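Okay, so here's the structure we're looking at.
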Amino acid sequence: MYAAERQQEILRLARDSGRVDVLSLAEEFQVTAETVRRDLKALDRAGLVRRVHGGAIPAGRLDFEPDLAERDTVAADEKDRIARAALAELPDDGSVILDAGTTAARLAAEFPLESDVTVVTHGLPVAARLADHPGLTLHLVGGRIRHRTRAAVDDWALRAYREINADVLFLATNGFSLEGGLTTPDLAEAAVKRAVIAAARRVVLIADSSKFGQQHFARFGDLSDVDLLITDTGLSPENALAIERAGTEVVRA
């Protein structure tokens with residue numbers, strides 16, 4: 001396959017799925033990762049894609065938001081490792097907020113049976129994972145449910161979080177970086193995320209490394225708002241060190 005043909009196919013894959021990553025493309029086309037990076041660089045220069053950490057997204061689609069089921073299949077092993085590592089941040093008998101998101105839902109599924117914390121969430125999949133848990137107290141925040149994320153948003157959710165002082169927040173995001181901060185495609189979701197950050201004494205960001213360097217339409221905070229980032233080893237030691245120098249502890253699971 002000629003380079004131009006490969007780049008055309010990479011562009012099609014990016015537009016179909018909303019994102020491509022270097023390692024998967026290298027395996028699919030049986031070329032080196034460096035060859036894929038050159039292809040992405042050429043497509044970026046042409047204005048057809050925007051390069052992000054580990055891959056690229058179609059140009060003009062920074063607000064692209066895959067469906068929940070599709071997102072749950074992305075970086076599944078990494079999300080499982082992040083969820084297990086996040087268990088160390090659960091208080092013994094305090095209160096936590098679980099943000100909406102696929103990694104948060106995986107964390108909910110990992111809650112130990114002996115856990116007796118109080119959990120507040122506005123994510124329906126998160127609440128479903130915890131509804132039959134024998135020990136904990138579960139509070140489900142209401143509001144308008146966004147179809148793509150199954151998360152409650154708007155004024156009802158915002159009012160509820162203004163009444164809460166939780167020990168720990170497990171926060172999700174669509175993108176994070178030192179320069180761009182914490183971002184998500186939807187303004188209503190961003191407003192709720194700002195509210196949950198304000199409602200917790202400690203903020204733990206649970207985000208796989210594919211989200212590093214991504215910037216979406218709605219900014220809801222800075223990495224300085226985060227006490228601890230739990231991610232995977234796809235985040236390079238150099239980038240982890242830069243984040244820690246800015247004041248956020250990093251765990252690479």
Side-chain angles (χ1 to χ4, degrees), residues 78-79 81-108 110-111 115 117-123 126-127 130 136 139 141 149 151-153 157-184 186-216 218-232 235 239-253:
E78 290 84 352
K79 290 175 180 177
R81 295 201 304 272
I82 291 167
R84 289 192 291 269
L87 289 175
E89 298 303 312
L90 282 176
D92 291 334
D93 59 356
S95 57
V96 303
I97 298 171
L98 276 179
D99 193 7
T102 55
T103 308
R106 288 171 184 264
L107 172 56
E110 294 283 348
F111 268 44
S115 176
V117 297
T118 296
V119 179
V120 183
T121 186
H122 57 285
V126 173
L130 295 173
L136 58 79
H139 296 269
V141 170
T149 60
V153 296
L158 297 177
R159 288 202 311 270
Y161 280 121
R162 283 196 291 267
E163 299 175 356
I164 290 171
N165 290 302
D167 293 311
V168 182
L169 160 66
F170 293 97
L171 178 68
T173 187
N174 295 78
F176 69 97
S177 66
L178 285 168
E179 301 80 12
L182 309 170
T183 59
T184 192
D186 185 75
L187 285 169
E189 296 248 15
V192 175
K193 290 178 183 293
R194 278 192 293 271
V196 296
I197 290 172
R201 285 181 283 275
R202 178 170 170 80
V203 177
V204 178
L205 178 63
I206 48 175
D208 66 81
S209 62
S210 71
K211 297 173 181 176
F212 180 69
Q214 290 200 43
Q215 294 184 38
H216 295 268
R219 180 170 177 154
F220 61 88
D222 298 304
L223 271 177
S224 60
D225 297 320
V226 175
D227 298 291
L228 170 64
L229 164 64
I230 302 179
T231 186
D232 58 80
L235 182 72
N239 286 325
L241 181 59
I243 292 171
E244 289 199 318
R245 283 174 174 166
T248 299
E249 183 185 355
V250 179
V251 169
R252 297 162 67 240

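Only heavy atoms go into these numbers, but all of them, side chains included; no hydrogens, no water, no symmetry mates. Here the structure is a predicted model, which is why all the values come from computation and not from measurement.
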Counting only N and O atoms by type, is there a donor-acceptor contact under 3.5 Å from the side chain of [X] to the main-chain atoms of [Y]?
X	Y	value
D167	S95	yes
K79	I206	no
T121	L98	yes
D227	V204	no

Heavy-atom closest contact ([X] atom, [Y] atom, distance):
X	Y	answer
Y161	A195	CB-CB, 4.1 Å
A160	V141	CB-CG1, 3.8 Å
G101	A172	CA-CB, 4.5 Å
L187	A218	CD2-CB, 3.7 Å
T231	A207	OG1-O, 2.8 Å
E110	A83	CG-CB, 4.3 Å

Test E189 against every option in N174, T149, T184 by the side chain to side chain donor-acceptor pair (under 3.5 Å) rule and name the one that passes. T149
Residue pair H122, V196: steps toward the side chain to side chain contact (heavy atoms under 4.5 Å, CB included) verdict: CA-CA 10 Å; H122 57 285; V196 296; 4.2 Å; yes
Please report, to 0.1 Å, the donor-acceptor pairs under 3.5 Å made by any side chain of residues 245-253, with sequence neighbours excluded.
unit_1, atom_1, unit_2, atom_2, d
T248, OG1, L223, O, 2.8
T248, OG1, V226, O, 3.0
R252, NE, L235, O, 2.7
R252, NH2, T233, O, 3.2
R252, NH2, L235, O, 3.2

How many angstroms lie between atom [atom1] of [X] and atom [atom2] of [Y], to the nearest 0.5 angstrom?
X	Y	atom1	atom2	result
F212	N239	CZ	CG	4.0 Å
T173	Q214	OG1	CD	9.0 Å
I164	R159	CD1	CZ	12.5 Å
K211	L205	NZ	CG	8.5 Å
L158	R194	CG	CZ	9.0 Å

Begin with the C-alpha distance, continue with both residues' side-chain angles, and end with the deciding distance and a verdict on side chain to side chain contact (heavy atoms under 4.5 Å, CB included) for L228 and R202. CA-CA 8 Å; L228 170 64; R202 178 170 170 80; 3.7 Å; yes
The criterion is side chain to side chain contact (heavy atoms under 4.5 Å, CB included); which residues satisfy it with S115, sequence neighbours excluded? F111, P112, V117, H133
Kindly write out the residues that satisfy side chain to side chain contact (heavy atoms under 4.5 Å, CB included) with R219, not counting sequence neighbours, or none if the list is empty. T183, D222
Given the rule in the side chain to side chain contact (heavy atoms under 4.5 Å, CB included) test, do E78 and S209 qualify, once you have shown the distances and angles that lead to the verdict? CA-CA 8 Å; E78 290 84 352; S209 62; 5.7 Å; no
Working for side chain to side chain contact (heavy atoms under 4.5 Å, CB included), residues I230 and F170: CA-CA 10 Å; I230 302 179; F170 293 97; 5.5 Å; no
Kindly indicate whether the side chain of I197, heavy atoms from C-beta on, has any atom under 4.5 Å from the side chain of L169. yes
